[in-house]
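Heads up: the structure comes next, in structure tokens.
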Amino acid sequence: MSSVPAMATTNQNSAQGPATGNSGTSGLDSEIQLVSSLAKLQELERKIHELRGFMPDGLLEPLVPIANPDKVTLGNPIAETPRILRASLDEAARARVADIQQFQSLWRDPELTSVWAHVESRIKEANGQMIQPTGKWERDYDVLLEELAQKEKSIVDERQRVDEEAERTKAQSTEGEWQNVLGRFIQRNIPGVRVIKGEDETSLAVALVRAGVVFQVRGVSIPGSPVSDWEVSSNIAGQSPTKLENAILGCVGSRPRKWDLAFLLDMISSYADIKQTPCVKCNRLTDNGAQLPTLRRPSANQPSVDGSARIYTFDALHFGCV
């Protein structure tokens, strides 16, 4: 355990600049990997200090009020009977064992395997001399890790925005592209989904037969410009939308890629079996309020390609499971 600060110092020095030497072979080949490992090392050291107080502050905690009545608290009262004291001691022992198991789990974390290998190689390069720590951490690496993660997310989000903008421009510059998208969707012949072209040039209806709902889709654009958005409603024959329809409309209305008809049609069709599709998180069809999983989130997987058609998949979720 006492070797953790030395290991931390080694990696602190490594984190000041790009990974060099054998760090790449040990898996420490990016700044965020280095900082993540250092954050885990800091957590290990913090837990080591906690474990040093294991006996006085942990196992014997139920005895403190008996030996010192001035330290009685609501969370640690004097045990009224030997049985209660025994139960308190057992509970304290289980909690401390859980602490040790948590520490062991962190120590054996696969990410730290490369850290131990990296430090061992550095010690070997130094002819077996242990690298001496400074005795303190220079940075809070959990904070630094969060900053790096936010920075990386911003870069990824910006890249996705640029890619989507290029894709949108390409799609809207092609004459009649939305009709090609619609034709490819119809050809897939998705069970329980029917598409009916409307009288207007850019309108259609999507019927989810098994769910018993029909949605109207209408392209929105200014004269002389391509469709920039697709609006969805369920106002058919003057009927008010049901609670289920309103829930679906709320989710569909907040979707990304509002210009992408393929994305919209795949999203609507993901509700085709809503009365049989459980939530991906709780694996239940209805939640405690007897509500179906009406929330849809794009799956982490990239959209697949069937011929020239891009196919998007969605995960079903209850609102309370987000």
Side-chain angles (χ1 to χ4, degrees), residues 1-59 61 73 75-76 91-123 125-126 130-161 280-281 297-298 300 315 317 320-322:
M1 291 183 181
S2 61
S3 62
V4 170
M7 294 177 179
T9 302
T10 302
N11 287 278
Q12 277 180 290
N13 295 333
S14 300
Q16 303 305 315
T20 57
N22 56 13
S23 63
T25 58
S26 66
L28 305 178
D29 53 4
S30 74
E31 183 179 14
I32 198 165
Q33 284 178 314
L34 283 170
V35 174
S36 176
S37 298
L38 286 165
K40 284 185 170 63
L41 287 172
Q42 275 188 319
E43 178 67 9
L44 276 175
E45 185 181 47
R46 186 186 67 79
K47 288 187 176 297
I48 286 174
H49 291 305
E50 288 181 355
L51 292 177
R52 284 173 178 166
F54 184 93
M55 288 298 292
D57 298 331
L59 286 175
E61 186 177 4
T73 63
N76 192 20
E91 183 179 355
R94 285 192 294 268
R96 301 292 78 77
V97 170
D99 289 339
I100 292 177
Q101 292 174 338
Q102 185 181 14
F103 175 83
Q104 291 175 330
S105 176
L106 182 60
W107 184 280
R108 295 165 182 162
D109 189 292
E111 182 179 340
L112 289 182
T113 301
S114 59
V115 175
W116 307 142
H118 174 76
V119 173
E120 290 294 335
S121 65
R122 291 290 297 272
I123 294 175
E125 290 174 2
M130 178 68 73
I131 303 168
Q132 295 302 313
T134 63
K136 65 179 182 179
W137 291 94
E138 301 297 332
R139 298 288 301 270
D140 288 330
Y141 285 100
D142 55 342
V143 176
L144 182 58
L145 178 61
E146 183 177 354
E147 292 174 354
L148 286 175
Q150 291 178 348
K151 181 179 178 181
E152 186 172 85
K153 183 179 183 301
S154 297
I155 293 173
V156 171
D157 289 346
E158 177 61 19
R159 186 182 301 121
Q160 289 179 343
R161 187 193 66 78
V280 296
K281 188 170 183 179
R297 291 286 176 84
D315 294 328
L317 289 160
C321 291
V322 177

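The shown structure was predicted, so the numbers you read here are calculated from the model rather than taken from an experiment. Reckoned from all heavy atoms, side chains included, excluding hydrogens, waters and symmetry mates.
A salt bridge does not link K40 to E43: none of the charged side-chain nitrogens sits closer than 4.0 Å to a carboxylate oxygen.
Within the model, atoms NZ of K47 and CD of Q104 stand 12.0 Å from one another, a figure rounded to the nearest 0.5 Å. Taken from OG in S121 to CD in E125, the straight-line distance is 5.5 Å, to the nearest 0.5 Å. Interatomic distance, E152 CD to E31 CD, rounded to the nearest 0.5 Å: 10.0 Å. From L144, atom CG reaches atom CZ of R139 across 4.5 Å, with rounding to the nearest 0.5 Å. Interatomic distance, CG of L41 versus CG of L106, reported as 8.5 Å (0.5 Å rounding). Rounded to the nearest 0.5 Å, atoms CG (L44) and NE2 (H49) are 11.0 Å apart.
When each of R159, K153, R161 is paired with D157, the side chain to side chain donor-acceptor pair (under 3.5 Å) condition holds for K153 and for no other. Partner of L145 under the side-chain contact (heavy atoms from CB on, under 4.5 Å) criterion, chosen from L38, D140, V35, L34: V35.
By the salt bridge (charged side-chain N to carboxylate O under 4.0 Å, His left out) test, R297 is found to be paired with no residue, residues two or more places apart in sequence or in another chain being considered. Under the rule for a salt bridge (charged side-chain N to carboxylate O under 4.0 Å, His left out), E147 has no partner lying at least two apart in sequence or in another chain.
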Worked verdict on Q42 versus E45 for side chain to side chain contact (heavy atoms under 4.5 Å, CB included): CA-CA 5 Å; Q42 275 188 319; E45 185 181 47; 5.5 Å; no
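W107 and W116 get closest at one heavy-atom pair: O-NE1, 3.4 Å. Residues L112 and S37 share a closest heavy-atom pair of CD2-O, 3.9 Å.
Between the S36 side chain and the I32 main chain, no donor and acceptor come within less than 3.5 Å of each other.
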